[in-house]
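What follows is one structure encoded as structure tokens, with my remarks underneath.
Owing to the predicted nature of the structure, the values given are computational and were not obtained by experimental measurement.
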Protein chains: 2
Amino acid sequence: MAKHDPDLSLLFHALADPTRRSILTRLAETPARVTDLAGPTGLRLPTVMRHLSVLEEAGLITTSKDGRIRTCAIVPEALDPVRTWLDEQRAIWEARLDRLDAFVMQVMKESEE
Amino acid sequence: MAKHDPDLSLLFHALADPTRRSILTRLAETPARVTDLAGPTGLRLPTVMRHLSVLEEAGLITTSKDGRIRTCAIVPEALDPVRTWLDEQRAIWEARLDRLDAFVMQVMKESEE
DNA sequence: GCGATAGTTAGCGACATGGCTAAGCATGAT
DNA sequence: ATCATGCTTAGCCATGTCGCTAACTATCGC
């Protein structure tokens with residue numbers, strides 16, 4: 001299957017790492033410097049930089065450099081595509097819930113092997 | 001940072017692959033056999049099996065075997081933790097939106113380097 | 001200028017991922 | 001019993017990920 005959905009893949013992949021999620025949560029409180037973000041994680045600077053570039057490529061954060069200090073901040077609307085995808089899925093899933101329900105019950109029963 | 005959130009990581013990782021998302025969308029319509037799922041993807045059976053086990057370990061699908069046929073179905077509530085996390089994040093992010101707003105504007109301006 | 005500070009780049013090692021083929025096993029149809 | 005079908009397992013290869021260290025660059029304070 002082709003990669004006709006690069007945004008979602010980037011986003012989900014960026015969110016799949018606990019360190020990156022904790023960085024996001026930290027940034028949600030207030031923008032921060034790279035070193036400030038590295039502190040709580042216990043990781044080295046280059047490692048944190050990598051995480052930050054993953055987050056930035058996914059569009060989840062922006063960074064800007066003032067002097068020798070790089071400041072990072074979240075991009076609040078970046079999660080919108082994820083939310084949209086979830087909503088779409090839920091819509092489809094719920095539309096079929098009646099049909100699935102019976103099936104899942106059957107599966108549950110059978111998986112008592 | 002420790003991995004005190006294995007569920008979300010598994011879920012996000014499972015969702016980060018377009019093939020797996022397309023399998024999910026396909027399964028949202030109706031349960032299907034492994035071969036049925038392999039067809040549209042153009043991938044070989046063992047490859048699809050791997051994707052399916054990733055989805056199953058993330059709790060996104062259940063599978064059951066009847067005779068020699070394995071049938072797969074989505075687990076509708078599996079996306080709930082993702083949705084919950086998104087809601088939490090949005091809550092925090094929006095609470096700080098005023099503060100962030102000014103900052104992001106500044107970042108935007110500065111990134112015209 | 002000099003040293004400390006903040007970030008960056010390069011590159012390594014261990015391991016995971018995503019694709020494949022080949023071969024095996026189990027079941028259903030004949 | 002035999003054969004086709006459907007899945008499973010084992011293992012290979014290329015690439016990607018996540019951590020690190022070491023060394024480099026760029027600023028800031030003095």
Write down the distance between CD (Glu57(B)) and C1' (dT17(C)), rounded to a whole number of angstrom.
-> 13 Å
Could you please name the option among dT9(C), dG19(C), dC18(D) that lies closest to any side-chain atom of Asp17(A)?
-> dC18(D)
dG19(D), dC20(C), dG7(C): which one has an atom nearest the side-chain heavy atoms of Leu43(B)?
-> dC20(C)
In whole angstrom, what separates Ile69(A)'s CD1 from dT5(C)'s C1'?
-> 9 Å
Thr62(A) and Ile74(A): CA distance, side-chain angles, deciding distance, side-chain contact (heavy atoms from CB on, under 4.5 Å) verdict = CA-CA 6 Å; Thr62(A) 28; Ile74(A) 56 172; over 6 Å; no
Send over the distance from Arg68(A) CZ to dT27(D) P, rounded to a whole Å.
-> 10 Å
Atom-to-atom span, CG of Leu45(A) to P of dC24(D) - whole angstrom = 18 Å
Please determine, for the side chain of Thr19(B), which listed nucleotide (dG19(C), dG19(D), dT5(C)) has the closest atom?
-> dG19(C)
May I ask you to decide if His13(B)'s main-chain N or O and Arg20(B)'s side chain share a donor-acceptor pair within less than 3.5 Å?
-> yes
Of the nucleotides dC18(D), dG7(C), dG18(C), which one has an atom closest to the side chain of His51(B)?
-> dG18(C)
Looking only at side-chain atoms of Pro46(A), point me to the closest of dG7(C), dA22(D), dC18(D).
-> dA22(D)
Determine, using the 4.5 Å side-chain heavy-atom cutoff (strictly less than), whether Val54(A) and Leu52(A) are members of one ILVMFWY cluster.
-> no
